[in-house]
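These notes are about the structure you will find just below.
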Amino acid sequence: MPGYANRTIRYDFPELSEPGDQVYVVLRNRKTVPLEMLTGPEDGGQQEVKDPARFSREAIARMVTDWHVYDAFGAGPDQEPLPLPATPELVAKLPIEIRTTLSKALSPDPTPAG
């Protein structure tokens with residue numbers, strides 16, 4: 001089948017997983033998506049300055065294709081998995097470990113090509 005290889009990348013979080021459970025997030029590979037997937041659509045007008053945290057949550061939500069994660073604010077013994085599709089509001093409920101990993105995965109490669 002023609003097309004780009006490695007269109008998604010799975011990030012596992014075994015240190016956050018209970019025995020018999022898997023916590024993971026599948027993201028679109030940032031190397032195979034248009035720039036607008038990471039930056040958002042251009043509106044043609046003057047762009048308002050967005051809160052950097054909100055911008056990050058929006059970018060992550062656009063890139064998530066699958067996940068099995070829980071609300072980090074939930075304190076009960078049984079947590080329900082967060083639903084799909086991912087939204088900025090749901091991304092805000094992820095633990096810092098997952099958010100940090102996803103933000104790094106979507107950041108530009110520090111080594112220039114060439």
Subject >> Residue among D66, T32, V26, N29 satisfying side chain to side chain contact (heavy atoms under 4.5 Å, CB included) with T8 >> reply: V26
Original post:
Mind checking what makes salt bridge (charged side-chain N to carboxylate O under 4.0 Å, His left out) contact with D12, not counting sequence neighbours?
Top reply: R10
Original post:
How long is the gap from CG on N6 to NZ on K31, to the nearest 0.5 Å?
Top reply: 9.5 Å
Original post:
Is the shortest side-chain N to carboxylate O distance from K93 to E89 below 4.0 Å?
Top reply: no
Original post:
Using a side-chain heavy atom cutoff under 4.5 Å and only I, L, V, M, F, W and Y, what cluster partners does L102 have?
Top reply: I9, Y11, F13, L16, V23, V25, L27, V33, M37, L38, I60, M63, V64, W67, V69, Y70, L82, L84, L90, V91, L94, I98, L106
Original post:
With sequence neighbours excluded, what pairs up with E80 under the salt bridge (charged side-chain N to carboxylate O under 4.0 Å, His left out) test?
Top reply: none
Original post:
Where do P95 and A72 come nearest, in terms of heavy atoms and distance?
Top reply: N-CB, 3.7 Å
Subject >> Contact check, side chains of R57 and R99, non-hydrogen atoms, under 4.5 Å >> reply: yes
Subject >> Closest contact, heavy atoms only, P88 versus E58 >> reply: CG-CG, 3.6 Å
**OP:** Ignoring hydrogens and angles, tell me if any N or O in the side chain of R30 forms a donor-acceptor pair with the backbone of S107 under 3.5 Å.
**Re:** yes
Subject >> Nearest heavy atoms of R28 and R62, plus distance in Å >> reply: NE-O, 3.6 Å
